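Nothing here was measured: the structure is a model prediction, and the numbers come from that model. Within every chain, numbering begins at 1; the chains are lettered A, B, ... in the order of the sequence lines, protein sequences first and strands thereafter.
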Protein chains: 2
Amino acid sequence: MEKKTGKRAKGPTVRSVAERAGVSKSLVSLVMNGSKQVSEKRRDEVLKAARELGYRPNALARSLVSGRTNTVGVVISNVANPWWVALERGLSEELDRHGVRALLADPRMDPEVADGLVEAFLELRVDGMVFLGTQPVEEVARNASRVVPTVLTSFSRPIELPNVDCVNVDDEKGIALVLEHLCALGHRRIAYVDGSDRLVTSDNARLAAYLSQMERLGLSAEIRTDISDVPLNEDVGYDAARRLLGAEVPPTAIVAGSDLGALGILAAADDLGARVPQDLSVTGFDNTRLSSIRHVSLTTVDPNGREMGRLVAQCLAGRIESPDRPRRDELVEPSLVVRATTGPAPGR
Amino acid sequence: MEKKTGKRAKGPTVRSVAERAGVSKSLVSLVMNGSKQVSEKRRDEVLKAARELGYRPNALARSLVSGRTNTVGVVISNVANPWWVALERGLSEELDRHGVRALLADPRMDPEVADGLVEAFLELRVDGMVFLGTQPVEEVARNASRVVPTVLTSFSRPIELPNVDCVNVDDEKGIALVLEHLCALGHRRIAYVDGSDRLVTSDNARLAAYLSQMERLGLSAEIRTDISDVPLNEDVGYDAARRLLGAEVPPTAIVAGSDLGALGILAAADDLGARVPQDLSVTGFDNTRLSSIRHVSLTTVDPNGREMGRLVAQCLAGRIESPDRPRRDELVEPSLVVRATTGPAPGR
DNA sequence: CGCCGAAATTGGATCGTTACAAAACCGGCG
DNA sequence: CGCCGGTTTTGTAACGATCCAATTTCGGCG
């Protein structure tokens, strides 16, 4: 009847509000943006008209002219493994404070999908990008950083790009906390289990930390590692633990590079009849929800994700403000969460 | 030097590409959208110019005129509890197939944040919205559905709104699978543990299914429930199990309304010295990553999240096509995943 | 009463794209 | 050579907001 079929019903615009309130569209714009220099009277009239029409500003049009979207894209490497939740929370909270909103995207572990996703964000003209975790996105992140302010966080290995800020947990400190804890419990034969991303096995910060800290503690002779060439997961941890525990002189404690890996170790201990923590102590890394489950109660390192997220947001906000300022490389202090999987070394 | 300070560097536009290729901007637009009726020669010239300039179409401008963003907003009630992962994956995959991208948002369990998020999506003029899980978003979802095609999924209770599609797991079927499995193992004293969202305790579909199915199996006399008035989590499950197992004639099996609840039950059994599954069988619901951990190995119901996601996408795509078509209310068939927490009833 | 400066309001240009109708091109045919 | 039908190409008007310079309003003051 009143609308041409085929066209979708258009919502109210600044124009229709202006007509209804009997003012110019410029004034409506001023009111909607809370300008101080409009008279009380006009402001009320405009707001009333807007309410009556159910007016909602069109962010597309706004951003087109203003050049800012107040939106940042967050690419989460692997949504299935919820270590990122605390980080994302801190990030969003802090961004909120800057009037910016985070939109999340899941690349589904597929580099091509990741590519498309980032492309979509860039076409949307987001003000910045955050890459959360290495897996399928490293190359993509590189490219994005040439176009828009970018922050990387929780990459498993150091990345130095011009104009890109990085935020990471202090792996060295985290591993040190674990080893000191185990040492204090009398452990000496402490093994380390981890995986690696497909690209490089060489610079795994946690592994490096294990090696240097063992040395510092005078335990160089006890160093034993089992490093897979795929990312650490439960199965990888399980297999590694079976190998380590099957040795002639098995370790009394196993440190894993992630909570998931530690779970695999726990399962292996179960299967081999080793009691935790009486016969074997096990630690994880990340303090995911998994580790806090009563049935698991894993001693682990809390990377302080919320704080990391907050830092990421601050870096990003800063770089949006001044895109060419020198790069920041932040380390966040982790803490140790002692639960039920660590105890005194056997025979002590 | 060459750019006025203060202004952010503007990227190449359809106009600059046109100039460089020596054609009109209309033609550039046609080429970028893959129109069939441009000559080979022009097409190549334009593409070359675009490549050289690093041109990237501005989705804001495009959407402003076309009226479509090819983007849908997905609000995930609680990102921390990863039951939604499979669903989101199915959803995104299917949307991809329709040329639509999903942007996720985390309301952080805060209704106000949820409100702001949805408002932002609407201002971005997304083509549709998906609400994934009840918690803080129900009212918000109601409002959104008046403005834009909307699909609800995994709401804990049935919602009937005009023009809103719903996709859910068939709770009745899922509970039936569990009870039949336990019955076949010889269990009769099968208790049920669940929570509820703060709004309504009354219509919890899984609880209702438990009641009706127990009756169907001739076990009306054995019905025993422990329903909390907060959402089911590990602690709630733990407390419920302690109460149930402390009874004079304790159940030989406990069915939980979620995996997390089942984990609490497992922990309680542990603490009370009840062996699982020899003394007590336990089942969950959702088949989250948690349940598949070797150390847990929970028998649970798999809601077939991927399929649900796919259906959500189809509903949404359909409703974007024709916003006023009758509402669809889909149920997805779940399946039973038998792991290590269920076994023959004691003394059998 | 007329004029001043500050405050309030407005018109029109602009952002980067698509839509649409009009114009240019092109080979062949009468 | 002029004209015809069909394909290519182009100019111009949207889309819905913001920005900015120009204009109107207004209270007070000489």
Side-chain angles (χ1 to χ4, degrees), chain A residues 4 6-47 49-50 53-71 120 122-127, chain B residues 4 6-46 49-50 53-71 120 122-125 127:
Chain A
K4 289 180 194 164
K7 293 285 175 194
R8 49 179 55 231
K10 305 244 164 210
T13 74
V14 72
R15 192 198 181 98
S16 40
V17 174
E19 269 168 22
R20 178 167 250 252
V23 299
S24 74
K25 56 201 168 87
S26 304
L27 189 60
V28 176
S29 172
L30 288 178
V31 170
M32 296 319 284
N33 293 312
S35 162
K36 291 207 53 157
Q37 50 184 7
V38 307
S39 65
E40 195 86 4
K41 176 163 157 283
R42 299 291 194 185
R43 155 168 289 118
D44 290 348
E45 288 171 359
V46 169
L47 288 177
L53 290 175
Y55 170 70
R56 190 185 327 265
N58 184 326
L60 298 174
R62 190 215 308 287
S63 296
L64 181 57
V65 43
S66 76
R68 284 205 49 172
T69 51
N70 292 318
T71 295
L122 294 180
E123 291 185 5
L124 257 181
R125 298 298 193 263
V126 292
D127 295 336
Chain B
K4 289 180 193 164
K7 294 280 174 194
R8 54 178 53 230
K10 305 242 167 212
T13 74
V14 73
R15 192 198 183 97
S16 39
V17 174
E19 269 169 21
R20 173 157 241 222
V23 299
S24 72
K25 53 201 170 94
S26 304
L27 190 60
V28 175
S29 172
L30 288 179
V31 170
M32 295 320 282
N33 294 315
S35 162
K36 289 204 53 150
Q37 51 183 8
V38 308
S39 63
E40 194 86 1
K41 177 163 157 283
R42 299 290 193 187
R43 157 170 287 120
D44 290 348
E45 287 170 0
V46 169
L53 290 174
Y55 170 70
R56 192 185 323 267
N58 184 325
L60 298 172
R62 189 216 308 287
S63 297
L64 181 58
V65 43
S66 77
R68 285 202 50 171
T69 53
N70 292 316
T71 294
L122 295 180
E123 291 185 5
L124 257 182
R125 297 297 193 265
D127 294 336

Classify the nucleic acid contact of [X] as base, sugar-phosphate or nothing, counting any heavy atom under 4.0 Å across all strands shown.
| X | answer |
| --- | --- |
| B/Val14 | base |
| A/Ser39 | sugar-phosphate |
| A/Val28 | nothing |

For a quick test of reading the model: is some side-chain N or O of [X] closer than 4.0 Å to OP1 or OP2 of [N]?
| X | N | result |
| --- | --- | --- |
| B/Thr13 | C/dG16 | no |
| B/Arg42 | D/dT9 | yes |
| B/Ser29 | C/dT18 | yes |
| A/Arg62 | D/dT18 | yes |
| B/Asn58 | C/dC15 | no |

Checklist entry - Roughly how far, to the nearest 0.5 Å, is CZ of A/Arg42 from OG of A/Ser24? => result 9.0 Å

Checklist outcome for this item: Output for pair (A/Asp127 CG, A/Thr69 OG1), nearest 0.5 Å, gives 3.5 Å

So if I take every side-chain heavy atom of [X] and compare against [options], which nucleotide ends up nearest?
| X | options | answer |
| --- | --- | --- |
| B/Ala61 | D/dA17, C/dT17, D/dT10 | C/dT17 |
| B/Leu64 | C/dC15, C/dT17, C/dG16 | C/dG16 |
| A/Leu30 | D/dC15, C/dT10, D/dT10 | C/dT10 |

Protein-nucleotide distance ([X], atom [atom1]; [N], atom [atom2]), rounded to Å:
| X | N | atom1 | atom2 | value |
| --- | --- | --- | --- | --- |
| A/Glu123 | C/dT17 | CD | P | 10 Å |
| B/Glu19 | C/dG16 | CD | P | 12 Å |
| A/Leu27 | D/dT18 | CG | P | 12 Å |
| A/Leu124 | C/dG16 | CG | C1' | 14 Å |
| B/Arg68 | D/dG16 | CZ | P | 17 Å |
| B/Lys25 | D/dG11 | NZ | C1' | 8 Å |
| B/Gln37 | C/dA23 | CD | C1' | 15 Å |
| A/Lys41 | C/dA8 | NZ | P | 13 Å |

Item to check | Check: B/Arg56 side chain, A/Arg125 main-chain N or O, donor-acceptor pair, under 3.5 Å | outcome: no

Checklist outcome for this item: The residue, B/Val65 or B/Val23, whose nearest nucleotide of DNA chain D is more 5′ is B/Val23

Checklist outcome for this item: Which of A/Leu30, A/Val17, A/Val14 passes side chain to side chain contact (heavy atoms under 4.5 Å, CB included) with A/Lys25? It is A/Val14

Checklist outcome for this item: On a heavy-atom basis, the closest approach of A/Thr13 and A/Tyr55 is C-CE1, 3.6 Å

Checklist outcome for this item: Note: A/Asn33 and A/Arg62 closest approach over all heavy atoms is OD1-NH1, 3.7 Å

Next on the checklist: For D/dG11, does the base pair up with any side-chain atom of B/Ser26 as donor and acceptor (N or O, under 3.5 Å, distance only)?
Outcome noted: yes

